Participant: 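This is the structure I want to talk about, given as C-alpha cells.
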Amino acid sequence: MDVIVTDIAIVGAGGAGLRAAIEVAEQDPSLKIALISKVFPMRSHTVAAEGGAAGVVKPNDSFDLHFDDTVSGGDWLCDQDAVDLFVRAAPEELTRMEHWGCPWSRDADGRVAVRAFGGMKTERTWYAADKSGFHMLHTLFQTSLKYPSITRYDEFYSTELLVEEKRCTGLVAIELRSGKLVAFRAKAVILATGGAGRVFPFTTNGAIKTGDGMAMAYRAGVPLKDMEFVQYHPTGLPGTGILITEGARGEGGLLTNRDGYRYLQDYGLGPPDPWPRNKAMELGPRDRLSQAFWHEQQKGRTVETPFGDAVNLDIRHLGEKKIDERLPMVRELAISYVGIDPVHAPIPVRPVVHYTMGGIDTDINAATPLPGLFAAGECACVSINGANRLGSNSLAEILVFGARAGRGAVAFAKANPHGSERGAQAKAEAAQAKIRALFLNDGSESAPALRRTMNETMESGVGIFRTEESLKQSCAVLADLRNRFAQVRLEDRSNVFNTDLVQVLELGAMLDVAQTMAEAALTRTESRGSHQRLDYPKRNDEAFLSHSIASFSAADRPAIGSRAVVITRSRPGERIYGGGGS
Amino acid sequence: MSETITIRVLRYDPDKDAEPRFEDFIVPYRDEWVVLDALAYIKEALDPSLAYRGSCHMAVCGSCGMMINRQPKLACHSFIRDYRGQLVTVEPLDHFPIERDLIVDQDDFIEKLTSLYPYLVTEHDKPLSEGPNLQSPAELAAFRPFTQCINCLLCYAACPQVAINEAFVGPAALAIAHRYNKDSRDSGEELRSEVTDSHHGVWDCTFVGACSEVCPKNVDPAAAIQRTKISASFRWLKERLLPGGTS
C-alpha cells in the first residue's frame, strides 16, 4: 500500500476544487496540497456550463436584489445567512477570475458585459460567450499550474474517507493507471466532486457525474441535505440531453408550443411582451418552466420528435451576427446534434435533469459536521440554492465556497496534527480488502442491469412531478437494488485502467445518492420549488420550512431528519413572476 | 435483422497482451449515435473490459480524442451515420504511448503546457478593489480564438513533427502560449519566449498545417505558431542589433 502524506487533500479538480487549491496555495505556500481527481482537471463537468456566473456589478443592481431573487427563487429553502455572504462575495470572486485572465465578454467600453438570466431581476450574469464554465475551468486550471505547492493526482478514483477519532484524516484512492490503492494522509480534506445527475437516465450531466463524493461523505456519517431537490433544466436537446443554455433566453429566445404559442403565459409567467422582461415568461425560474412543459405535454400541445415530446426554442429573430457572437456553441450544438441551424429554424428542447440542489451538509464556512472535512460546489449543500437554483448562481458558488473551503481547511490543518499512521494503514487495508473481494468473488448481479433499473425508477418515480405512490415504488426498487448490489459482478479483473471497476464503484455511489433523493422526497409531503407532489400541491411552511437531513443507516434505507432553515430577514412569501413581479 | 455496423477497436491490456491487436464488435446502427455511443454500447452489452475516456458528450471536455478511420477525431462528435456501410476502425490517438485500449498517456502534454507559463503574467498584482481590467471587444477578439482549445490533443496526433520529434512542444501548447501573449492584460511574452523561441518551440514546426485542419474548435494552432515565429524573429534581431538594449 502506497501512503502519501500531505497537508490538505482535495478530491475533485473542477471549478470548486481548483479554486480551493489555489486559495490554500495563496494562503500558505508551505502547506502541501494533493489535488486528486478521477479525470484530468479540464475534463471536469464545470467545462460544460454555458450561460455565466452571477455577481452584482451594475450601478442599478444591489446585493439586496440578488439576495431577494435567490431566496425567492429557492422558494425560501435557502439559508439566508449563506445567501447574504454569497451575494457579497460573488463580484469579488468574478473580478479575481478576470485578473487571472478569464476571457469574459465585454461591452463596447471595455467593461465586463452582463446578461439577463432566469429569475434574476436585472442583468447580473457575467459570461464568456456561451462557454462560461469552459473558460472558467481552463483559467483556473492554467492558473493553478503557477503554484508549486499543488501536486496533482490526475485519474485517481477516490473510494473512501479515512476517519479517526471522529475526525477526517485522509482518504483512499485507486491510481487508475496502475490499479494500486493509495492512502492519502491529510490534516484536512475538501470534497469538490460535483453533482449526481447520472442517477437519472436523461441528463445534461457528463458520464463522470456520479455523486462519488456525496456517497463517500454519507458513508462516513456526514448527512446529505435537501437531496429531494433535483433541478430539471427546461431546455435540453431531445435524445442526448445536451444543454442549450438559459443564455439563449437571456438574449431574447422564445419558447413556443406546437401551435407557435408562447405557452408560458398560461402558467403565471405572462404577459407575453415581445421584448424580454426580466423574471417573466422565458426568463422565469427553471422549476416553473420545466413544470409548465409537463402541463403542456399533458394537454397534448407539445411537438413530437423521434426522441420524445419537445417545445420550440426560437432565437431566429436575434439574427446570425448576434447568435455567432453571443451563442456560438448553441448554434454549433444544434447543427451537430439535431441537424438544425437556429439561425433558420427553432431548436426542439425539453426538460432534462441538470443539477442537484442538495448535497453534503456544510455550514457557511464549507465545513461539514465531521471535523477536518470540507465540501464545496455542487456536491455540497450550504444552502444557497434552496428548493430551486437560479441559473448562473452555481458558477459563482463554486468560486465563493471553493475559496472558503480552502481557507477553512488551512485553518484546520494548522491547528491539527495528522491522524496516526497505523490508523490510516488499518483503514486503507480494510478498503483494499473490499475491492479485492470484488476481484475474487464471482458476483451474480450485472452492473449495467442494476444501473438501468435505477435510472428507470428515478425517472418514473422521482421526476418533475411525484406522488406518494410513485415515490414508494421507487424507494422499494432502490432498497432492493442496494441489496442486490452486494452481489455485483466485476467482469474486468485487470489492473491497468480498469474502467469496469470504476463504473461498479460509481454505481454503488449512485445507489446511495438515489436512495437519499427518493426517501427525502417521500418524506416531504408538500410542494416547494423543484420538488412537486401531485398529492400535496401546496407549500407548507408550518411543517416543512426545513432542510431534510438524510443519514446513512445500517438498515437498507437512510434515516430522514430535518433542520430549520436559517431565516434572517426575508419571511416566506409568494413567489411572483411575470407582470406581477416587476 | 435490423441494421448493424462493425466497430474495429484496437485493444491492448499490458497485463495480458504482448502487443496491441484489433477486435471487431458488431453493434446496432443508430442514425443519431456518435462513435462514443457505440463504444458505450460495446462496454455495456458486449465487453465490459473495453477501456476508453469520455464524459461530456458535447465536444467540450476533450476526453474522447481518438483515431477514427485513421483521422484524429472526438468520438462524441463523430456520427455513425457518416460511416454507414463502412467498417469503423477506432484506435488510440497517434503519437502517444498507449496505456490500455483507447487510453493514451497525456502527461507529456501537461508538462509541455506547464513549461509555457500558461497563465496571465502581470508586473504587479492588481488589487481586487480596483475592479476588473478594461479590455475592448477588439482586444478580446485578438486572442479569443486561441482560448477555445479543449486540450483534446487531436492536433498532436495529426502533427508530422510530433511524430518524429518528441521534444517538440507541439501545437496546442503553443496556441495557448500565444493566447496569453496576445491578451492585452498580459506581460509574459518574454518569459514564454524561453520556450516558444527555443529549438523545440516554434522552430520545430514545418508549417504543414495538419493541426489546424483537425482542430474541432477551429483554434488554428498553425497560425499561432507562425505569428510566434515572426515575434521570435523580431526578438532575435532586436537582441543582435541593439546589444544591451533589450529588457
Side-chain angles (χ1 to χ4, degrees), chain A residues 39-40 42-45 47-48 57 92 94-96 98-101 103-112 128-129 131 134-135 138-139 142-143 145-146 152 154 177 206-209 239-243 306-307 329 332-333 336-337 447-448 490-492 494-500 503, chain B residues 13-16 32 34 40 43-45 47-63 77 79 99-101 103 105-107 110 113-114 117-120 122 125-126 128 130-137 139-140 143-144 147-151 176 179-180 183 185-186:
Chain A
V39 291
F40 283 96
M42 59 281 194
R43 318 301 184 206
S44 308
H45 204 65
V47 81
V57 61
E92 193 170 281
L94 296 173
T95 299
R96 204 186 308 269
E98 197 282 332
H99 290 185
W100 285 339
W104 296 119
S105 293
R106 303 283 177 161
D107 284 336
D109 64 2
R111 289 176 199 277
V112 170
K131 300 184 181 179
F134 163 79
H135 286 300
H138 280 255
T139 300
Q142 289 166 3
T143 301
L145 299 174
K146 240 192 319 202
R152 284 200 332 279
D154 298 331
R177 159 178 295 178
I208 58 177
K209 291 196 61 187
T240 55
I242 288 172
L243 172 69
F307 305 104
M329 187 154 78
E332 189 184 296
L333 291 169
S336 293
Y337 294 98
L490 181 70
E491 303 282 352
D492 183 355
S494 290
N495 292 312
V496 176
F497 274 101
N498 188 331
T499 50
D500 185 36
Q503 289 189 353
Chain B
D13 180 350
D15 284 354
K16 293 177 187 147
E32 73 279 9
V34 289
K43 187 163 182 67
E44 188 164 322
D47 185 350
S49 74
L50 177 66
Y52 61 91
R53 293 188 180 104
S55 178
C56 76
H57 203 287
M58 56 189 281
V60 71
C61 80
S63 303
H77 206 241
F79 285 84
E99 302 212 72
R100 180 173 177 185
D101 295 344
I103 295 178
D105 182 346
Q106 306 183 342
D107 288 354
I110 305 268
L113 176 65
T114 308
Y117 306 90
Y119 36 79
L120 211 62
T122 53
D125 276 349
K126 188 178 165 84
L128 287 175
E130 288 179 15
N133 295 286
L134 290 176
Q135 184 169 59
S136 72
E139 286 169 330
L140 173 63
F143 72 96
R144 189 166 166 265
T147 63
Q148 306 291 319
C149 173
I150 60 172
N151 301 181
I176 293 167
R179 167 254 177 277
Y180 283 104
D183 190 322
R185 300 165 291 183
D186 179 82

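In this text, all values refer to a predicted model and were calculated from it rather than measured experimentally. Just so we're on the same page: letters track the sequence lines, and every chain starts at 1.
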Participant: With a 4.5 angstrom heavy-atom cut-off, could you sort out which part of B/Ala59 is near chain A: side chain, backbone, both or neither?
Facilitator: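 Answer is both: backbone and side chain atoms of B/Ala59 are under 4.5 Å from chain A.
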Participant: Using distance alone, with no hydrogens and no angle criterion, decide if B/Lys43 and A/Thr499 have a side-chain donor and acceptor under 3.5 Å apart.
Facilitator: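 The criterion, which ignores hydrogens and geometry beyond distance, is satisfied for A/Thr499 and B/Lys43.
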Participant: Side chain, backbone, both or neither: which part of B/Asp13 has an atom under 4.5 Å from a heavy atom of chain A?
Facilitator: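 Answer is side chain: those atoms of B/Asp13 sit under 4.5 Å from chain A.
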Participant: Can you say whether B/Pro48 sits under 4.5 Å from chain A via the side chain, the backbone, both, or neither, judging by heavy atoms?
Facilitator: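 For B/Pro48, heavy atoms of backbone and side chain both lie under 4.5 Å from chain A.
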Participant: Taking side chain as everything from C-beta outward and backbone as N, CA, C, O, which of these in B/Glu32 sits under 4.5 Å from a heavy atom of chain A? Side chain, backbone, both or neither.
Facilitator: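 B/Glu32 touches chain A through side-chain heavy atoms alone.
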Participant: Taking ring-ring contact (aromatic ring centres under 6.0 Å, His included) as the test, write out the residues that go with A/Tyr337, two or more places apart.
Facilitator: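 Partners of A/Tyr337 under the ring-ring contact (aromatic ring centres under 6.0 Å, His included) test: B/His77, B/Phe79.
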Participant: Could you work out, with ring-ring contact (aromatic ring centres under 6.0 Å, His included) as the rule, every residue matching B/Tyr52, not counting sequence neighbours?
Facilitator: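 Residues passing ring-ring contact (aromatic ring centres under 6.0 Å, His included) with B/Tyr52: none at all.
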Participant: Taking side chain as everything from C-beta outward and backbone as N, CA, C, O, which of these in B/Asp15 sits under 4.5 Å from a heavy atom of chain A? Side chain, backbone, both or neither.
Facilitator: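 Contact with chain A involves the side chain of B/Asp15 alone.
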Participant: Side chain, backbone, both or neither: which part of B/Leu128 has a non-hydrogen atom closer than 4.5 Å to chain A?
Facilitator: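 Contact with chain A involves both backbone and side-chain atoms of B/Leu128.
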Participant: Less than 4.5 Å to any heavy atom of chain A: does that hold for the side chain of B/Tyr117, its backbone, both, or neither?
Facilitator: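 Answer is neither: B/Tyr117 stays 4.5 Å or more from chain A.
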Participant: Hey, does the side chain of A/His135 reach the backbone of B/Gln148 with a donor-acceptor pair shorter than 3.5 angstrom?
Facilitator: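 Flag not set: sc A/His135 to bb B/Gln148 has no pair under 3.5 Å.
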Participant: So do B/Asp107 and A/Phe40 actually touch side chain to side chain, heavy atoms under 4.5 Å?
Facilitator: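 Side chain of A/Phe40 against side chain of B/Asp107, heavy atoms only: contact under 4.5 Å found.
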Participant: Just verifying a value: how many Å separate A/Asn495 CG and B/Arg100 CZ, rounded to the nearest 0.5 Å?
Facilitator: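 Answer rounded to 0.5 Å: 9.0 Å.
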Participant: What I'd like to find out is whether the side chain of A/Asp500 reaches to under 4.5 Å of the side chain of B/Ser49, using heavy atoms alone.
Facilitator: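 A side-chain contact under 4.5 Å is absent here.
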Participant: Looking only at heavy atoms, which two atoms of B/Asp183 and A/Gly101 are closest? And how far apart?
Facilitator: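 Smallest interatomic distance, heavy atoms only, reads OD2-O, 4.2 Å.
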Participant: Name the region of A/Lys209, side chain, backbone, both or neither, that has any atom closer than 4.5 Å to a heavy atom of chain B.
Facilitator: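 Nothing of A/Lys209, per the 4.5 Å heavy-atom cut-off to chain B.
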Participant: If I take atom CD from residue A/Gln142 and atom OG1 from residue B/Thr114, how far apart are they, to the nearest 0.5 angstrom?
Facilitator: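 Going from CD on A/Gln142 over to OG1 on B/Thr114, the span is 9.5 Å.
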Participant: Check whether B/Arg185 reaches the backbone of A/His99 with its side chain - one donor and one acceptor, N or O, closer than 3.5 Å.
Facilitator: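 Side chain of B/Arg185 to backbone of A/His99: no pair is present.
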Participant: Identify the two heavy atoms, one from B/Met58 and one from A/Ala48, that lie closest to each other, and give their separation to 0.1 Å.
Facilitator: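 Between these two residues, the closest heavy atoms are SD-CB, 4.1 Å.
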Participant: Please flag which part of B/Ile176 lies under 4.5 Å from any non-hydrogen atom of chain A: side chain, backbone, both or neither.
Facilitator: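 Side chain only.
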Participant: Check whether any side-chain heavy atom of A/Arg152 sits under 4.5 Å from a side-chain heavy atom of B/Ile110, and report yes or no.
Facilitator: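 In short, these two side chains touch, coming nearer than 4.5 Å.
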Participant: Can you say whether A/Thr240 sits under 4.5 Å from chain B via the side chain, the backbone, both, or neither, judging by heavy atoms?
Facilitator: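 Contact with chain B: side chain only.
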Participant: How about A/His138 and B/Asn151: do any of their side-chain heavy atoms sit closer than 4.5 Å?
Facilitator: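 Touching, per the 4.5 Å side-chain cut-off.
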Participant: What part of A/Leu145 gets within 4.5 angstrom of chain B, counting heavy atoms only: side chain, backbone, both, or neither?
Facilitator: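 A/Leu145 touches chain B through backbone and side-chain heavy atoms alike.
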Participant: Using heavy-atom distances under 4.5 Å, tell me whether A/Phe497 contacts chain B through its side chain, its backbone, both, or neither.
Facilitator: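 Both backbone and side chain.
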Participant: Would you give the length of the straight line joining atom CG of B/Leu134 to atom CG of A/Asp109, rounded to the nearest 0.5 angstrom?
Facilitator: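 CG of A/Asp109 is found 7.0 Å from CG of B/Leu134.
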Participant: Relative to chain B, which segment of A/Ile208 carries a heavy atom at a distance below 4.5 Å: side chain, backbone, both, or neither?
Facilitator: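 Both parts, backbone and side chain.
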Participant: Please name the pair of heavy atoms, one in B/Thr147 and one in A/Phe134, separated by the smallest distance, quoted to 0.1 Å.
Facilitator: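 Heavy-atom minimum between the residues: O-CE2, 3.3 Å.
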Participant: Take B/Ile103 and A/Arg177 through the side chain to side chain contact (heavy atoms under 4.5 Å, CB included) test and state the conclusion after the steps.
Facilitator: CA-CA 10 Å; B/Ile103 295 178; A/Arg177 159 178 295 178; over 6 Å; no
Participant: How far apart are the closest heavy atoms of A/Ala207 and B/Gly54, and which atoms are they?
Facilitator: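 Nearest heavy atoms, A/Ala207 then B/Gly54: CB-O, 4.1 Å.
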Participant: Tell me if a side-chain donor or acceptor on A/Glu491 pairs with a main-chain N or O of B/Asp47 at a distance below 3.5 Å.
Facilitator: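 No; zero donor-acceptor contacts below 3.5 Å.
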Participant: Relative to chain B, which segment of A/Val496 carries a heavy atom at a distance below 4.5 Å: side chain, backbone, both, or neither?
Facilitator: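 Both backbone and side chain of A/Val496 come within 4.5 Å of chain B.
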